[in-house]
Structure formats: structure tokens, C-alpha cells
Visitor: 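Before we start, here is the structure in question, set down as C-alpha cells.
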Amino acid sequence: MTKKAFIKVTLKEEVLDPQGKAVLSVLKSSGYDNVKDVRVGKYIELEIDRDNFPSIEKLKNEVEEISDKVLSNPLIEEYSIELK
Amino acid sequence: MTKKAFIKVTLKEEVLDPQGKAVLSVLKSSGYDNVKDVRVGKYIELEIDRDNFPSIEKLKNEVEEISDKVLSNPLIEEYSIELK
Amino acid sequence: MKKNTEKLFGLSAEEYDKICGLLGREPDDFELGIFSAMWSEHCSYKSSKVYLRTLPSGGGKVLIGPGENAGVVDFGDGDVLVFKMESHNHPSFIEPFQGSATGVGGIMRDIFTMGARPVANLNSLRFGSFSHPKTSYYLSEVARGIGFYGNCMGVPTVGGEVVFDECYNDNILVNAFTIGIAKKDSIFLSSKCETGNIVVYVGSATGMDGIHGATMASEEFDLKKNKRRSTVQVGDPFTEKLLLEACLEAMEKKLIVSIQDMGAAGLTSSSFEMADKSGKGMAIDLDAIPLRTSGMTPVEMMLSESQERMLLACENEKFGELKGIFDKWGLNCVKIGEVIGEKVIKFYYKSKIYKILDVGVIVNGPEYERPVKKPGYIEKMPELKTGDYKIPENLNDIAVKIATHPNIASKKPVFTQYDYTIGTGTVVPPGFSAAVLRVKGGAKGFLLDANGNSRLAYLDPYAGGLLAVVECARNITACGGFPVAITDCLNFASPEDPEIMWQFAEAVKGIKEAALKLNTPVISGNVSFYNETAKKDGDKTYISKIYPTPVIGMLGFIEDAGKAVTPFFKGEGGEIYILGRLNGGLGGSLYLDAAFGDFRKKPVGIDLEYLDYEVRLQNCLRVLINKGLVKSAVDISEGGIFTALAESAVTNPERNLGFDVRYDFSGLGIRADEFLFSEFSQAFIITFEKAFAGTKEINGILKEFDINLEKIGIVKKDGMKINDIIDLKSDKIKEGYFSAI
Amino acid sequence: MENKKIKAGITVFPGSNCDYDVYRVLNEIFGVRASFIWHKDEVKKLGGFDFIVIPGGFSYGDYLRSGALAARSPVMEYVKDYAERSGIVLGICNGFQILLEAGILDGVMLANISLKFECKDVYLKTLNFDSPFTCAIKKDCVLKLPIAHHDGNFFAADGTIDRLNKNGSIIFKYCDREGNITAGSNPNGSLYNIAGISNKTFNVAGLMPHPERSSEKILGSQDGGYVFKSIIKYIKEK
Ligand SMILES: Nc1ncnc2c1ncn2[C@@H]1O[C@H](COP(=O)(O)OP(=O)(O)O)[C@@H](O)[C@H]1O
Ligand SMILES: [Mg+2]
């Protein structure tokens, strides 16, 4: 059986987001004046073999470890995990 | 008052995801054998001035339009929106 | 005087006392922040100044030497070239992608600040040993970061070097070089502010980037407490591209009086240095600074190292037009103050006067002549005596090992990540000797090369510094160019260690002597100290230090870029010659390491006669090339004559080639392994246009310079043969050479 | 008609960086009168131009997706309109990506299969010699041009590929030195080695390699020049 983990990786609030800045400027010049800020992050889906984990907690720990070590850069990014 | 819109942009299932594949191979070579598949998408946050919209529906329509026209490429991507 | 040692932020107790003396009281956090930044090694060059002053920095084609954002040389026809190299080592070790990217962004700003459009980038990179588990991560992230920034800016990255050595396991080095072109009559400087000019901030908003816990003051800097905060500088090459275009447009319209990029210590160093160099002061309104992060304190604003920003002075009446240009490019352009006659900076904050600081006091930091001591390891360094080592049975195996060693092998997987063809100026791309660029609208061109040999510099820092210059010159000469000027990046461990300081002094002396002899003044450069890290090994801590790594970036000129010579053999049947003299000596060589696992043996001594010969040799080769006689030329350096021959065979982009060399070296009094792999020869491997050798013309040239030319073999379709000691298949070497990294 | 009577427009977006290279090659090598079109300029209908080039670079930093943000700028409305009225439009590299994102050409660009920026020389086989972009290319001639991009991995649904094929709209494919279309000669993972395509009516084309960087002998190849020569020839004969 597999389980899905969804991970949102976003830049820390105070880190410069060049992508968001550029998207914002284009939205503004296209007339979407109501948009005040844009931040661009990553959305990652993992499909995980559930069977090898004694508990869902352990699986969650592994996803956290992966998010920490591989999917995000803790110096500038933070992440949140959802399991389904 | 501002409202936040969270948009997940993901590749359509039938589209090859080289980035996901690369992450998967990194995970495998780091010993995370339980991960069976990885898909990488985008996670975009918009901050929107709510006051200029007569209803939340209208605001939502605008976010949809933005997602459709700018944030995603409908040929290969799909998106989902959450307002908060 | 009351001292809280925790609050010295990198200043020594004596420096702190000196500040108290200058102020007549203890500094507050704002003042301390500014002192600690401006008196830091990085900004003040306090340990290196006395040595840097000894370097030749003028004469020849130099228009502006060290002291400005970059040096300037005369390129003729009203053109000037502006270049500099700078290190971004520590940020690249912390976050290799962003660190290397912002390093490239920073050096490009130094160039276009002066009114020059950047036309080429180079970089010199040092990583830990190739097999170290983190090396591939650093290599791929640094290459990606450099490409990300340079490619987006539209500046070709045309050369550089990549070296692996375990001495960099804990301290990688990223040195970035940029050259730009401008008109002689429109160079912009930071020293031209006039009283009454307004002070203008342009570019990105200011955030918390690069404000380091270590040098920082009060509570609010505690990064652990504020998880949402990050001090990593994030690069935005897109914004810098806009900044480049906007600045050059404003300069062309003569709207800028004086300008300085915001690099290390951001607003602090740019404002104080501009004021100081202009002999003026400034009034600065901190409330006007565009902020990305709300609630930043004055000292945070002053120390932020957010990228893609510039400070400039402009005439009040012209501000409207200036702002129009920056608006067009979508960039901030804000009046933040005024140039005043009094040599102080008056800071306003929350609409009130906040602080007044004397420019001279801040800018004239300490200067040290630190103690030096010849390191014990050098005193004890064993000589390499013939007979210490048996010649290995199978020199073929060693030859393969050397030709496919990560430090010798092709760096193609790295430089194909850089756009090296943009700008339509690149005549000889990366992967050969020096990069050759043409200048559109005429025949003339220029050449660029970067080099350093840290193992040699470790064994003999004087020789390391000297040979870095010589090696750059060889590469430029081998293409047919003549060396013009250099920039240097001096990467060392802690200057507070007398042995390190000795290394530094020796390396600078070596650079000086070579630069004098080769007539290549040092027009800009950078010093990076403290490339060391405390490591734990069990319960012992030790300091992991880099070898002294003086890196040279050299500019050369060529009259006709289309006539530049490439190093590879052109086709079967070509006759191979040695121009110069072969020397023995294996101390410090790659061969010693490859064959015996230890390079730490005293290298042969380098003296002034060596340099005299070098100048003659290079002049001789240049004359031969300029007469159109030479088809290929390459110098003998790392990996010895075998490597020079092998590379000449495998780097031909169109065809596979080999060679058959027959040469009796017995008369030289050297062994087979020395002949093949010594790195101390002063010689080039060349092939001629036709059977030119022996003609009167050539003999005349050889005689004039008193240089030897000797035929040693012939270019073959396949196979690498040297006497009866080397017999290899070209394919095998080629495959290994191009796939090692 | 003399070349200098031919007028070319080169679009400039924030972040375009091959604009000047194209400008120089058109003016100085091919003697065409080329000028820049700033993305915000109100050059209604672009009527005065004989052809438009969308040059390479990193428009808007290529943030979000390569070409995506530029594709939404006002000048692209004019380009669309110009193309619909049979105007000749050439997109190079980022320009190709912009044309795809604007829906003027079919398909999308994914990241290179290596996930790396790739700068190197490639060889191209021409598949259609009748278009305005290829009519001066000699048959059986393999072209050598440089590429420099991160997202050049052309992708489209099967139906789209069929349509392009049937219509003759696949104009360039990556090949080896001898002209064989092989996996080894594909630098970026592009579907069927596709390097350049045109629209249905052949007046709009995009290609990933850079013809402006291979139009002079000193740069190692003049093969890219054939693309510009084709456009000029086509306009003269029209
Ligand atoms: N090793 C060196 N050799 C020659 N000049 C140097 C050296 N190190 C620094 N310089 C010169 O000192 C000046 C200050 O350098 P630096 O502080 O790195 O400039 P920046 O303001 O760009 O940070 C520059 O003109 C630089 O070229
Ligand atoms: Mg500077």
C-alpha cells in the first residue's frame, strides 16, 4: 500500500523572492492591481511505500527528514507536510 | 483588508517530470528506498486586496483567471486554489 | 575602560580601545556596527596593505590602478578595459548556489559601476578532494550558481579553473573575475562627489541579507530566536541586468556624477568610501531607504548586504531625468541625502538627527605589520633526491592516471553550464589555453586567463605566487597574445598566525617579481583571509586550513583575434617541436602524488635567471606566432610534457589524433619519469605551419632570443608513443580525459 | 530590393540579452535595417516592419516558467496580430519559448533532460526548405549552430506532433555531424529531436539554437546566417 505526502516548501518570510517580485510586476502591469504580494515556492508530492513502516508516525518522521535534508534548504526555506 | 490565495500548480499526470525524477534518484541513492515516486510542482501565495471586490466569489474568479493565464501553462499543468 | 568582550564583533580589544579613544567614550551599537564592518579585514585590508603597496601597479597601459572599484587599462582607439577579481569563499561554503551566484553578481557590479559594460567572466574554483563526499554537491551547486547569474546577465563566462585538493575540504574557494569595456572619456569613479549633489539609492530594496550573527551586536540579531529570518544573500540576476542597463543609460546621458556599488558592508562602505575619496561628507536620511523587511534598525540598514544596489551622487536638477530612467527599468531610485562640505556623515532617523560620524575616523582603520615566521613544515621539507624513488615499472599506468586526474581532465561538464557564446565575441572558448575575445568593428582582440597552483604555493609560497603569474602569461603567449596587466585574489588562512603571514608575504613577493619582469602591473585585486575552519576529530579540535592560494587573472592583447593560435594538434603528419628548455625536478608534482601518494617534497628553486629566460622564451614564441608560422602551441605545466602532448592530441574538436615522440633526454641528466612529468620545464610544444623549422627566418628569431628549438616527433592518427616508455591508445585517454569529472 | 530597405523589428523585454547580438548581425552582417521594439512601446500593428525577431535571453529572469511572463506583455498582443496577418516572426531560444507560452506556436518547453544549462555546438537537419526561414538553405547541408539554454526540451501531445508533422511545420531537428537524427545528438531531451518548428502557415518559427552567434567566420560557423539569408530572400521574392 502506498501513501502520499504533500510538501510545501516556501521561502522564509524575510528572504528575497526574485520570482515572486517578477510575477508581481507582471500582474500589476497586466492590470491585476489588487494583488499586493506574490511568493513562489515548491509543491512536492511523494508516493511512499507504507508497508515498510511500523507506524504512520515513523513514516511521517522519514518525510520530515527528507524534507529537511533533500527537499528544502533550511538556511532560506521552510516547509510543511500533509499526509493523505 | 487583504486575503491570501494559495495556488498549487502541478504537472498533469501524463507529462514527464524530469525534476521529480532527479529528486527520486537522489532519494534512492541516499537510502530512502520507500519513496516510489516524486512529482515537483509550484506553490504560489498571492496577497490580494479584498476591499475592491464586491464579493468573495469575484475575488476567487480573479485568482482563477490569474492562475489560468499566468501562473500555469494549461497545456501541461493544472492548479488548485485555496483562499484563506 | 569597560569592555564586554562578547560585544567586540570581530574587533580586537586594542581596536576597541582605539575606538573608545577616538570617540572619547564607548561606542554604541550603531557605531560599533559601523566600525566593526569598516575595520574588518575584508574592508580595511589591515593585515595586507603593507604588502599590497609593494606590488607594481602603474606604468605601461595602466590608466587606473588599485583603489577604485576595478583597475583600468588602455586598449587603444579610445577604448579601455576594466577588470577585477574578487573572492566569495565563505558565503559559497555556507550556501554554494547563492554564494557563488552573488559572488558573480558582486564582481559584475564593480565593473559596471565604472561605466564599463561587462563583456566576459572567469572564475577560479577550489573544492575538496574529488572523492570527498561533499565535493560533488559543492561542484554542482557552485557551477549552477555561476551559470544562473552570469547567463541571465548575458555576460559570457569564458574561462577559469577548477581544482580539487583535500586542503579545501572544509573551505571551498570561489573567486570571480569580470572584465568590461568602456570609452576612455567616460569612466565613472566613486571620488567625484561635489558639495550640493544629492545622494541617490538605486536598485533593490534593503533586507536582512548578509547581516552576520558573528559580527553583530544586540539581541535583535539573534538569528536563532527569529526562525523566519535568514542572513543568506539571495541573488536576483534579473534585477541586476535591469540595474546594469539603467546605470549605463544614465551614465551615457551624463546624469551621474559619482557612483559606488554596495558590496561588502553595503551602505556603510559605499557611503563612507564615496565621501572619503571625494574629500566630502554626506547627510543621509535613513527613513528614505527602501526596505524589504519592515522594522529594520538603523545599524541593520547600514550593514545589510542585500544585492543589486548602488549608491550615487547626482546634480539636483538632473534627478528627475535620472529617476525617469530607473522607473522605465522598474527599479527604485530614491533621494536619500546630500553631499556636504564637512567631512562627516550625518544620519537622520525618524526625522531627527540620529548620529554624526567623522569620515576619516571610520575610514582610516588600523594597519598592521603582523609578525611573520617561516613555517616549520617548510624548514623541514625534505629534498627529493634521485634514487629516493624507483621509477615505477609501468609508466603507462601512471600516465593514464595523470591524464585522467580530475585536476588535469577536461572541465567541460562545468563550463557547458555557462553561456560562453553570448555576446558574439568569443573566438576561442573555454577548454583550451587562454580565452580569446574579439572586439567588434575591428580586428583587435584580448585574451584572458586565471591561474594558481596552491600545492606549489604551500611548498614554496614565493614560487607559487611567481609561477601563477608566469603560467597566465604562458597561456596568453601560447595563443599569440602579449600579457598586459593582472588582477589577483589572495586566499589565505588566518593572518594572525605568523606562519600564514609569512606565506602571504612570500607569495606577494613572488607575484611582484614576476609582474615586474613580465611587465604586467597589478591593477586590482582582493585578499581573502581566514579561510580556515575548526574541526573536531574525536575530542581533539584542530584547524583545517587551506594551502596558500594566490590566484592571478591576466589580460593580454592581440592585434588580430582571428589569428589566435589554439593548443591542439591540427592534423596527422605535423612535426612536433620543443621550444625552450626541459628541466627535471619532481617535488610538488602531480606525478609524485599519482605514483607515490605524496607530493610534499621540496620543489626546485626558482631564481631571477628563471624569469629572465621566461621573458625571452615567451617573446620568442610570440614573434614566431605573429609571423604566422605556428599552427599549435601549448606550454608544459601540470602533469609535465606527457600531459601537454596528450592534451594537444585529444582536444582537437574535429578529429582524433595521437603522436609519436622520439627524444633522447639522456644528455639532460634526467630520468624517464622526470622527462615525462616534471612541471619545471620552461618550454612550449609547438607544431609549425609547414616544414618551417631550420629556415633562415626561424633560425634568426631563435638566435635573437637565444632559445632552442628541437624536433621531437610527429602527429599521428592514433596512439600516444614516447620512446619505448609510453605506448597508449588515444581513444582511451580521450575518453578518460572527457569523463573524469 | 536592397537589403537596407528591409526593416526588422527586435522586441526587447526586461531581461532580453541577445537583443543587441541580433541587432548587430542584422545591421552589420546582413545590411538589414533593424531596430528595437521596447515591450511597452505602442507600436500598433507593427505594420512598418518586414519581419520581427524575438531574441533570446532571460525575459523577466525566466522566473516562473521560461518565457511565461514576457508572453503576457502588451507587445505580444501586437506580435500575435502581426502573425495573424502573415507577418514573419522568428523566435530564437527565449524568443521561441515566448512564442510557445503566448500560444502562437504549439507545444511547451520543459527543462533539459540533464536539468542543466547546456552551452555547446549542435548540428541541425533542415526538414522543410520552403519556409521563409529555410528557403536559402542548401539541401543535404548539415548546419552547425550553438545552443545555450536551460529549457529546450520540446514537448507536445501526440496529436499536436502529428499535426506539425503532416503540415511540414517541424523545420529543424538535432542531428549528428553526418545528418543522422540520433539520440546521442539530442542535447536536451527534445521530443523527436525537435529543434525548431513553424506555425501552420509557416510565417512564424521558433528555434532553440542561435543563428546570430553563427553568422561570422571568426566565430567558427556561418551556418546560422542561412536562417537570416532565407528571411531576406523570401521577403525579396515575395
Ligand atoms: N591583492 C590585491 N592586489 C591589488 N589590489 C588589491 C588587492 N586586494 C585589493 N585590492 C584593491 O583594493 C581596493 C579595495 O578592494 P575591495 O575592498 O575588494 O573592493 P570592493 O569595494 O569592491 O569591495 C580595490 O581597488 C582592489 O582592486
Ligand atoms: Mg566595489
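Labels below follow one simple rule: chain letters A, B, ... track the order of the sequence lines, proteins then strands, and each chain is numbered from 1.
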Visitor: Which bit of A:Leu27 comes within less than 4.5 Å of chain B, counting heavy atoms only: side chain, backbone, both or neither?
Guide: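 Answer is side chain: those atoms of A:Leu27 sit under 4.5 Å from chain B.
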
Visitor: Using non-hydrogen atoms and a limit below 4.5 Å, what part of residues 2-17 of chain B faces chain A?
Guide: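 From residues 2-17 of chain B, the residues near chain A are B:Lys8, B:Thr10.
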
Visitor: How about residues 34-52 of chain B versus chain A: which residues have heavy atoms under 4.5 Å apart?
Guide: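 Heavy-atom contacts from residues 34-52 of chain B to chain A are B:Asn34, B:Val35, B:Lys36, B:Asp37, B:Val38, B:Arg39, B:Val40, B:Gly41, B:Lys42, B:Tyr43, B:Ile44, B:Glu45, B:Leu46, B:Glu47, B:Ile48, B:Asp49, B:Asn52.
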
Visitor: What side-chain donor-acceptor pairs closer than 3.5 Å can you find for residues 18-26 of chain B, not counting sequence neighbours?
Guide:
from, atom 1, to, atom 2, distance (Å)
B:Ser25, OG, B:Ala22, O, 3.2

Visitor: Looking only at heavy atoms, which of residues 67-84 of chain B get nearer than 4.5 Å to chain A?
Guide: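 The residues closer than 4.5 Å to chain A, in numerical order, are B:Lys69, B:Val70, B:Leu71.
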
